[in-house]
Amino acid sequence: MNKDFEEFFKDAPTMNKEELLKNNNFMKLDHEKLKYHLLPPLALKKVVGVLTYGANKYAEENWRNSKKEDYKRMLSATYRHIEAYRSGEYFDNESKYPHLAHAICNLLFLLELEKV
């Protein structure tokens, strides 16, 4: 990223529409769109680590082959990871990734599979 670009955007999140217009700066009316930049990058990296671990262990996107009757098993696995975390065990013994990242993966799978 070049310095001019960084310099402009360091104040951009605090500038409102009027300030942008007054300064003849770039304006994009995307306030109603999803704000993917709000995803916490360090947490997301841990979740992607779990996904990569699972892809190497089973197969990429193996979870997509789940049937409705498998959802209970995914939910149980989610609770096991959450309970391990609650009891003070922060990392999964096998994968070495955080239990919460495993739980998030399972919840993402369920959310995707429900298609709601």
- Query: Just checking, any donor-acceptor pair under 3.5 angstrom between side chains of Y53 and E94?
  - Reply: yes
- Message: If you count every heavy atom of other residues, nucleotides or ligands that lies below 6.0 Å from R86 atom CZ, does the total exceed 12?
- Response: no
- Message: If hydrophobic clusters are built from ILVMFWY residues whose side chains come within less than 4.5 Å, do V47 and L110 share one?
- Response: yes
- Of all heavy-atom pairs linking N106 and A77, the shortest is ND2-CB, 3.7 Å
- Query: For E89, does the CD atom sit with more than 12 other heavy atoms under 6.0 Å from it, leaving out its own atoms?
  - Reply: yes
- Task: Can you spot which of I104, D70, L51 makes a side-chain contact (heavy atoms from CB on, under 4.5 Å) with F109?
- Result: L51
- Message: Distance check, rounded to the nearest 0.5 Å: E112 atom CD versus L107 atom CG?
- Response: 13.0 Å
- Item | Spatial distance of atom NZ (K67) from atom CG (L113) [nearest 0.5 Å] | 10.5 Å
- Message: What's the separation between atom CE in M74 and atom CH2 in W63, rounded to the nearest 0.5 Å?
- Response: 8.0 Å
- Backbone N/O of Y90 and side chain of H99: donor-acceptor pair under 3.5 Å: no
- Query: Where do R80 and E83 land on the salt bridge (charged side-chain N to carboxylate O under 4.0 Å, His left out) test, with the steps shown first?
  - Reply: CA-CA 5 Å; R80 285 192 299 274; E83 287 306 310; over 6 Å; no
- Task: State yes or no: do L44 and Y36 share one hydrophobic cluster built from I, L, V, M, F, W and Y residues joined by side-chain heavy-atom distances below 4.5 Å, directly or via other members?
- Result: yes
- Query: Which heavy atom in P98 sits nearest to a heavy atom in F91, and how many Å separate them?
  - Reply: N-CD2, 3.7 Å
- Same hydrophobic cluster for L108 and L39, using side-chain heavy-atom links shorter than 4.5 Å among ILVMFWY? no
- Message: Heavy-atom count check: over 12 atoms from other residues, nucleotides or ligands less than 6.0 Å from Y85 OH?
- Response: no
- Parallel, tilted or perpendicular, as decided by the 30° and 60° cut-offs, for the rings of Y97 and H102: perpendicular
